[in-house]
Amino acid sequence: MDMDSNINEKFVVFKIDGKAYGVPISDVQIIEKVKGVVRVPKAPSCVTGVINLRGDILPVINIRKLFELEEVTNTDSSRTIILKVKDNLVGIVVDSVSEVNEINNIDKSKNNQTDAYVYGVGRINDGKIVTILNTEAIIGGAFLVNK
Amino acid sequence: MDIDMSKYLQVFIDESKDNLQKLNDSLLILEHNQTDMETINDIFRVAHTLKGMAGSMNFVNMQKLTHQAENVLDEIRSGRVTVTSSILDVLFRCLDALENYVDCICETSSEGVEDYIEILDDLEKIRNGNTDLSEHKEANIEVVKPNGIEIKNSELPNEPMELNIENNKNKNAAIARGENALDITIRLADTCVLKSVRAFVIFNELERHGSILQSNPSIRDLEDEKFEDIFKLVMITKETVSEIESVINGISEIDSFKVFTLDKDIEEKPSVNSESTYETTKVPQVEAKHEEQAPKQQVSTKSVRVNIDRLDSLMNLVSELIIVKTQLEGVNSQNNKTDASYNESIEYLERITTSLNDAVMKVRMVPIESTFNRFPRMIRDVAKKLGKDIDLVISGQETELDRTVIDEIGDPLIHLLRNAADHGLETTENRIKAGKPSKGTINLKAYQDGNSVVIEVGDDGKGIDVKIIKEKAIEKGLISREMYDTMSDNEATALIMQPGFSTAKEVSDLSGRGVGLDVVRSRITALGGDVEIKTELGKGSTFVVRLPLTLAIIQSLMVNIGEEKYAIPLTNIQTIEDISKEDIEFVQKQEVIVIRDEIVPIVRLSKVLDIPYVDADDLVVVIAKKGEKQVGFIVDSLIGQQEIVIKPIGKHLSNINMIAGATILGNGEVALILDINTLV
């Protein structure tokens with residue numbers, strides 16, 4: 001995730017537990033409704049299961065569990081964002097997807113040093129604060145951690 | 001003007017590999033019959049082809065090496081040097097070096113910087129072994145030199161090329177600027193293997209000295225190799241005719257060429273300011289200056305060469321499929337759902353899809369030959385190292401296997417072959433003492449058996465001493481004294497494939513390098529196959545490897561466990577039994593059932609798979625067998641037998657051993673495939 005080179009890259013902004021997060025649109029393959037997740041026995045606990053994305057089978061990460069948030073049941077606005085990181089497809093389930101927008105002046109120092117999953121913090125044009133996630137770290141973390 | 005070099009790269013890699021294999025085979029024949037003229041000629045031809053191909057693609061180091069090898073082979077061919085085993089060793093090393101080049105090209109699109117100086121030196125030494133020959137050789141490798149003017153003029157067309165209007169304007173403008181417009185005709189050598197590539201090299205080279213306006217045939221036709229030997233082009237350059245001539249002279253595989261200057265007025269017959277034709281000898285030179293133009297990063301993809309008949313049958317089936325689809329649409333629109341015609345169409349559709357499936361599977365099948373081919377050489381090297389005399393007898397190399405299996409099976413087989421050579425066969429003295437022929441034999445045999453392919457690696461060596469195995473197993477704590485007494489011979493020999501078991505007293509360079517037969521077994525089971533050992537003390541042992549024909553599509557049993565659906569590959573399943581809760585007994589805290597007087601331990605899949613357990617009176621037990629061992633798996637209910645396509649579940653989850661993959665059901669749902677072998 002090299003965001004320094006293209007400051008004006010667009011981000012997919014979504015909500016988890018009322019908080020706005022963003023991932024660079026170049027990391028996003030597609031956004032799907034949440035359906036048909038099949039549990040995989042013995043999988044890391046932050047992995048909900050696998051889904052069928054038009055013939056490809058890919059894992060889905062339970063990001064609430066990874067962020068140690070309370071787990072909720074999916075609603076109509078829940079979405080699976082399919083990330084493509086290092087040629088691997090992985091889905092993350094979020095509460096809702098709000099918009100695709102440019103985020104400027106990402107401040108990397110503002111991030112909580114203890115949280116490896118955060119890349120930095122930035123603002124959308126209207127001033128809303130968005131936490132930019134480090135997709136690689138999230139995927140790495142989800143498949144390692146056995147919470 | 002730009003020809004994309006990368007698209008020839010795959011052709012180059014495929015053809016080089018074929019040729020290297022030929023070289024390998026021929027060298028092995030030559031080793032057994034060092035005066036076989038036919039083979040020497042074959043080797044020479046292959047080396048020559050390789051050199052030409054490497055030259056065409058601008059792989060300079062590779063070309064240099066093949067060139068040097070060719071020189072030595074020429075000496076051998078003409079009888080000035082006789083084949084000795086040391087010469088053969090050098091040639092084998094040369095072959096290895098060439099293989100390294102091709103591998104490197106395959107991975108990185110460039111041949112790398114290794115120049116194998118020692119091999120070149122050794123080749124040079126062989127060549128100079130006979131001093132009175134060196135002069136002749138000099139002439140042979142001499143760089144192209146002009147032979148004088150107009151030698152083959154009559155063979156090259158004389159008429160200038162017609163330029164289109166725009167290019168004509170460009171030409172006139174260039175002449176007005178004081179540059180030269182040159183009409184160039186080039187005839188490629190008959191021996192040129194990749195003509196379009198050669199044309200590309202020429203274009204590239206000329207473009208460094210000016211710009212090419214137009215060519216005849218067009219660049220596209222040149223790229224598609226739609227031309228004989230001759231092509232024409234018009235270029236604009238600041239350099240003179242003789243400078244361009246020397247540029248073209250520096251390119252190999254050109255039979256002859258002609259350059260003349262065009263005048264401003266194209267309507268008139270061009271006045272020939274300077275015309276000259278050179279005949280070049282066919283010896284390519286080393287084009288060291290092209291190094292920086294190595295094709296861009298393009299990593300090669302896996303390809304399967306497919307017999308055209310198979311593709312035709314595939315095509316036919318697809319067109320039939322479309323017909324049936326149209327029929328079905330018709331049935332639907334007429335809305336007269338007369339069951340007969342509807343069912344007929346459906347049945348027909350089913351037949352076609354089954355055949356289509358078979359046809360596609362066949363496309364993926366390749367003969368195991370490609371894997372077997374590298375073994376004679378390996379056994380030769382191993383035999384030399386061990387000081388044993390070994391004969392490798394290969395049969396059934398035409399047996400076909402799925403491409404994915406072929407790729408995976410090489411390493412395990414190498415291990416089994418080395419094991420046979422190192423541990424299986426006795427030393428020559430011991431063989432003579434035992435009254436056996438001094439030459440040991442290793443048999444490598446492949447054949448199809450029903451839905452699987454069997455590969456046997458057998459040796460006529462000392463066999464496996466079951467007693468020693470058992471004692472060793474006790475020593476290593478793998479079995480108990482009790483088991484020692486009750487264990488069958490088959491069970492005992494299977495022990496040598498247990499992790500942590502190695503009977504070799506000392507670790508040799510060949511086998512026993514930390515990875516043992518247990519790795520072989522796990523690799524083969526990962527492919528859905530198994531290994532069996534047959535052995536007779538003093539007579540030899542045979543490792544029987546059984547592999548599924550294909551990995552992509554399998555027959556499976558779909559089962560319900562709790563709310564979830566799983567697929568169990570049918571090959572693992574022996575029987576399915578309905579039992580009631582009361583049939584389950586306990587033996588040493590282990591749940592077992594008795595089926596036809598046999599005690600079978602049972603495993604509750606719901607427990608293994610962390611699925612909430614539902615208590616039921618009637619149970620379904622799927623009995624799976626692995627080797628001699630049987631295990632019953634309790635499932636909630638059966639859905640039925642189904643043909644499924646295996647899909648990987650991604651690299652992140654691939655370390656979950658009990659899941660072999662996943663499949664997509666007719667309704668789009670995902671079902672996981674259980675790897676029963678890991679649970680037995």
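What you are looking at is a predicted structure, and each value in this text was computed from that prediction instead of being measured. Letters go in sequence order (proteins before strands), and every chain restarts at 1. Any value given below was found using the heavy atoms of this structure, including those in side chains, with hydrogens, waters and symmetry copies removed.
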Exercise. Can you find a pair of side-chain heavy atoms, one from L672(B) and one from V40(A), that are under 4.5 Å apart?
Worked result: yes
Exercise. So which residues of residues 630-638 of chain B are in contact with chain A at a heavy-atom cut-off of under 4.5 Å?
Worked result: none
Problem set entry | Contacting region of I649(B) [heavy-atom separation from chain A under 4.5 Å] | both
For this session: Give, as side chain, backbone, both or neither, the part of I659(B) having an atom under 4.5 angstrom from any heavy atom of chain A.
Result: side chain
Check every N and O of chain B against chain A and note each donor-acceptor pair under 3.5 Å, with its distance.
| unit_1 | atom_1 | unit_2 | atom_2 | d |
| --- | --- | --- | --- | --- |
| E564(B) | OE1 | R39(A) | NH2 | 3.2 |
| E564(B) | OE2 | R39(A) | NE | 2.7 |
| E564(B) | OE2 | R39(A) | NH2 | 3.4 |
| V608(B) | O | K42(A) | NZ | 3.4 |
| L609(B) | O | R39(A) | NH1 | 3.3 |
| L609(B) | O | R39(A) | NH2 | 2.6 |
| D610(B) | OD1 | K42(A) | NZ | 3.4 |
| D610(B) | OD2 | K42(A) | NZ | 3.4 |
| K647(B) | NZ | G55(A) | O | 2.8 |
| G668(B) | O | N52(A) | ND2 | 2.9 |

Exercise. Which heavy atom in L653(B) sits nearest to a heavy atom in A43(A), and how many Å separate them?
Worked result: CD2-CB, 4.0 Å
Problem set entry | Nearest atoms (heavy-atom pairs only) where P41(A) meets I656(B) | O-CG2, 3.6 Å
Exercise. Relative to chain B, which segment of V37(A) carries a heavy atom at a distance below 4.5 Å: side chain, backbone, both, or neither?
Worked result: neither
Exercise. Which bit of L89(A) is near chain B, if near means a heavy-atom gap under 4.5 Å: side chain, backbone, both or neither?
Worked result: neither
